Amino acid sequence: MAADARMQFDSYVVAPANEAAVAAARAVADAPGVAHNPLVIVGGAGVGKTHLLAAIGNGVERGMRVESFPAARFADSWRAAAKAGELADFRERLTGADVLLIDDVQRLSGHADAASGLAGVLAAREEHRRQVVVTSDRPVARIDGLDLALAAQLAAGLTVEIGPPDDAPADGPRPAARPTGGLDFQSFVSDIATAVAEHVEGWKMRVAEAVSSWHAAGYRTTALERLLEEAAAPANYEAVLRGFGATVRRLKELEAEAITADPALAGHDAFRDPERLRDAEAMVKRALTGAVELPAPSVEFSRNGFEVGKANQRAVKAADAVAAEPGRRYNPLVLAGPVGVGKTHLLNALGNELADVSGGAAAVACTSAATFSDDFLSALREHTTDAWRRKYQRVDALLVDDLQSVEGKDQTQDELFHLLKELLDAGRQVVVTSERPPRDLAGLDERLRALFDGGLVVELAPPDAALQAQLYRRFLDGVPAGQLDALTSYLSSRPAASVAEIIGTVHRLTAAADAVGTPLTLEMAKRELEGPEPVASAMPTPVRAAPAVRSAADVFFLDDEKVVWAWRDVASRVLEELR
């Protein structure tokens, strides 16, 4: 279930009794999974734990998936899923959510199966750095009967307490005391939020909370401190706060990548200063490049060097869209078509575009499916699969040529599926080529087929006459201007199954011209491709055969003219027949 949309940070009254909890909650909403994970909010009944929990769910970036449960309902849902045989699906739903919120976790003390299951979910979420926030009426260590693994996982995060409402200062608003007469405390504090805002500059409080929280987490907050110097609220201060959180999240990811290559980089200053993000990216790139070299796209293939026609224009448009917005448009993208239609050229050209657009910051890997399989099997034999996987897990874009090469290779396909799913879940771009659409690859794993069907599959056809003319015109160097149009028209009228065949024809004609030391002409091309025209023989002069020969020939032919026209040496032919 989703967090209650009525409960927002803006309607939450901040006071000394809860300011630490609010600061931690806002930091979590700005950058889920980075600073405080898990976050445990502790406090007695009616102090605003549920409101703050829901505010986190409502405050995260749009598009993030939030799962929110009161603990009792979580236990009921877990039991119902187990009874229906749907526990695996329920567990996957919880694991995959960007933010998981559990209210009143102490209520799980009587539900051993649900609590143990939640411990397993939290372990899986920690691996992917996904945020968990729970509330409790007491510290988790004091919850009798709570699953020990769950208690240990929660205690390893940050615990913040919310005390009872304090008395307000003499010139401040009325104290936020718990009301009587049946009114909900959250409704009461929402009613007085406006009064508090009249006495406190809310935006400065928000920024100060963020500074305090990020500083406590070990990050430099110079960019946020500059906001506090402003006399009035900057129009974009909320965007700055959210951007700061996103940058911290990226620094966290970069540090994890760097440590895989060089553990000595853990805790480096560049990973603690959001204003040094570019330094951190460059450092990681150097570390990883020195550790494992990625297979790069071939520089021989460029986008400008790829001719576009009706046979391939849909594929080219899709590739251009991917280059403009990698990970957002057409992901995964499958380029399908027979041998020689330009799939490999377009794939490598796209890889070069992705690298160029990022200024070299993007990690782009381009390999063939056969090479991917061979390298994976080598890593298995050498017990280096972890390092091999990390090489690909860090890429921003993975391009794989000739997918059909892994048909029937179950182990390779399983590895490829998990890698591609991980990259796609992280918003990284995936592009593959194949001689046939994935649905037509009989030996392809059903999971891979479903994964590719969820993206865009575009087909490239053999070049038509118009595209052939473009290609011939591009490849025919040194042809006299007066011959080029006629030669191009002639060549493009001949069938060609692929670009490779067109290039082969050009090479053949060029070699023929070089052999005689003259420029290539239409007539020369026709002679080379069609052979010399038959030479008409001179009409023979009728002759009379010797009587003996005529007598023998009459056995086979009815008149003299047929004998003369059919064979020039009639006598020899007759002698051959009479042997």
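Computed from a prediction, not measured in an experiment: that's the story for all the values here.
- Salt bridge annotation for Glu407-Arg436: present, with a cationic side-chain nitrogen under 4.0 angstrom from a carboxylate oxygen.
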**Prompt:** Would Leu122 and Leu154 count as a side-chain contact (heavy atoms from CB on, under 4.5 Å) if you check the C-alpha gap in whole Å, the side-chain angles of each, and the deciding distance to 0.1 Å?
**Reply:** CA-CA 9 Å; Leu122 264 57; Leu154 295 175; 3.8 Å; yes
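- The structure places OG1 of Thr247 at 10.5 Å from CZ of Arg250, a figure rounded to the nearest 0.5 Å.
- A distance of 7.5 Å separates CD of Glu275 from CZ of Arg220, quoted to the nearest 0.5 Å.
- Taking every heavy atom of both residues into account, Leu53 and Leu101 meet most closely at O-CD1, 3.5 Å.
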Which donor-acceptor pairs under 3.5 Å do side chains of residues 311-319 form with protein atoms, sequence neighbours excluded?
{"unit_1": "Asn312", "atom_1": "OD1", "unit_2": "Gly309", "atom_2": "N", "d": "2.9"}
{"unit_1": "Asn312", "atom_1": "ND2", "unit_2": "Glu307", "atom_2": "O", "d": "3.1"}

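- Considering every non-hydrogen atom in both Leu354 and Ala362, the closest pair reads O-CB, 4.1 Å.
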**Request:** Could you please spell out the steps behind the side-chain contact (heavy atoms from CB on, under 4.5 Å) verdict for Val406 and Val400?
**Result:** CA-CA 11 Å; Val406 299; Val400 181; over 6 Å; no
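- A donor-acceptor pair is defined here as one N or O able to donate and one able to accept, closer than 3.5 Å; such a pair exists between the side chain of Arg130 and the backbone of Thr95.
- Checking side-chain atoms of Thr433 against main-chain N and O of Asp402 turns up a donor-acceptor pair under 3.5 Å.
- Contact between Val105 and Leu146 at its shortest, heavy atoms only, is O-CD1, 4.3 Å.
- Contacts of Arg276 classified as side-chain contact (heavy atoms from CB on, under 4.5 Å), with partners at least two apart in sequence or in another chain: His268, Asp269, Ala270, Asp273, Asp279.
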**Prompt:** Glu86 and Arg93: side-chain contact (heavy atoms from CB on, under 4.5 Å), yes or no, with the steps?
**Reply:** CA-CA 11 Å; Glu86 299 173 351; Arg93 169 187 158 191; over 6 Å; no
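- Taking the six-membered ring where tryptophan is involved, the planes of Phe90 and Phe74 are tilted, since the angle between them lies from 30° to 60°.
- Residues satisfying the ring-ring contact (aromatic ring centres under 6.0 Å, His included) criterion with Phe271, sequence neighbours excluded, are absent altogether.
- How far CD of Gln153 is from CG of Leu118: 8.0 Å, rounded to the nearest 0.5 Å.
- Residues Val60 and Pro32 approach most closely at CG1-CG, 4.0 Å, considering heavy atoms.
- Here CD1 of Ile102 is found 12.5 Å from OG of Ser136. Values are rounded to the nearest 0.5 Å.
- At distances below 3.5 Å, at least one donor-acceptor pair connects side-chain atoms of Asp147 with backbone N or O atoms of Leu150.
- Note that CD1 of Ile143 and CD of Gln106 are 6.0 Å apart. Values are rounded to the nearest 0.5 Å.
- The backbone N or O of Val430 sits less than 3.5 Å from a side-chain atom of Asn331, completing a donor-acceptor pair.
- Partners of Asp89 by side-chain contact (heavy atoms from CB on, under 4.5 Å), not counting sequence neighbours: none found.
- A 6.0 Å sphere centred on CZ of Arg428 holds more than 12 heavy atoms belonging to other residues, nucleotides or ligands.
- Annotation: salt bridge (charged side-chain N to carboxylate O under 4.0 Å, His left out) contacts of Glu446 (sequence neighbours excluded): Arg449.
- For Glu161, there are no salt bridge (charged side-chain N to carboxylate O under 4.0 Å, His left out) partners, not counting sequence neighbours.
- Using modelled atom types, no side-chain atom of Asp98 and backbone atom of Val66 make a donor-acceptor pair closer than 3.5 Å.
- Under a 3.5 Å cut-off, the side chain of Asn352 and the backbone N or O of Phe301 do form a donor-acceptor pair.
- By the 4.5 Å heavy-atom criterion applied to side chains, Pro438 and Val334 are counted as neighbours.
- Shown here are the side-chain contact (heavy atoms from CB on, under 4.5 Å) partners of Ala25, two or more places apart in sequence or in another chain: Phe9, Leu52, Ile56.
- For Glu253, the CD atom sits in a packed shell: over 12 heavy atoms of surrounding residues, nucleotides or ligands are nearer than 6.0 Å.
- No more than 12 heavy atoms of other residues, nucleotides or ligands sit less than 6.0 Å from atom CD of Glu300.
- In terms of modelled atom types and a separation under 3.5 Å, the side chain of Gln429 and the main chain of Pro326 share no donor-acceptor contact.
- Counting heavy atoms of neighbouring residues, nucleotides and ligands inside a 6.0 Å radius, atom CZ of Arg328 does not exceed 12 of them.
- A salt bridge is defined here as a Lys NZ or Arg NE, NH1 or NH2 lying under 4.0 Å from an Asp or Glu carboxylate O, and Asp30 with Arg26 fails to meet this definition.
- Residues Asp104 and Thr135 have side chains in contact (heavy-atom distance under 4.5 Å, counting atoms from C-beta outward).
- Scanning for salt bridge (charged side-chain N to carboxylate O under 4.0 Å, His left out) contacts around Glu61 gives Arg249, with sequence neighbours left out.
- Applying the side-chain hydrogen bond (donor to acceptor under 3.5 Å, both in side chains) test to residues at least two apart or on different chains, the pairs with a partner in residues 365-376 are Ser368-Thr371, Ser373-Thr412.
- For residues 333-349, the set of pairs meeting the side-chain hydrogen bond (donor to acceptor under 3.5 Å, both in side chains) definition, not counting sequence neighbours, comprises Thr344-Asp401.
- Environment of CD in Gln411: sparse, with no more than 12 heavy atoms of neighbouring residues, nucleotides or ligands closer than 6.0 Å.
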**Request:** Check the pair Glu255 / Lys252 against salt bridge (charged side-chain N to carboxylate O under 4.0 Å, His left out), numbers first and verdict last.
**Result:** CA-CA 5 Å; Glu255 184 175 15; Lys252 193 86 169 180; 5.7 Å; no
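- Interatomic distance, Leu108 CG to Asp113 CG, rounded to the nearest 0.5 Å: 11.5 Å.
- Evaluation of the side chain to side chain donor-acceptor pair (under 3.5 Å) rule for Asp320 yields Arg303 as partners, not counting sequence neighbours.
- Looking only at distances, a side-chain donor or acceptor of Gln413 sits under 3.5 Å from a matching main-chain atom of Asp445.
- Qualifying side-chain contact (heavy atoms from CB on, under 4.5 Å) partners for Ala321, counting only residues two or more places apart in sequence or in other chains: Arg329, Tyr330.
- The closest side-chain heavy-atom distance from Leu441 to Phe452 is not below 4.5 Å.
- Taking each heavy atom of Asn37 and Gln131 in turn, the nearest pair found is OD1-NE2, 3.2 Å.
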**Prompt:** Checking side-chain contact (heavy atoms from CB on, under 4.5 Å) for the pair Val28/Val99: CA distance, chi angles, key distance, verdict?
**Reply:** CA-CA 10 Å; Val28 164; Val99 178; 5.9 Å; no
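- Considering every non-hydrogen atom in both Leu347 and Cys366, the closest pair reads CD2-SG, 4.1 Å.
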**Prompt:** Run the salt bridge (charged side-chain N to carboxylate O under 4.0 Å, His left out) check on Asp76 and Arg79 step by step: do they pass?
**Reply:** CA-CA 5 Å; Asp76 292 341; Arg79 186 166 49 251; 2.6 Å; yes
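- Between Phe372 and Tyr392, the two ring planes are tilted [angle within 30° to 60°].
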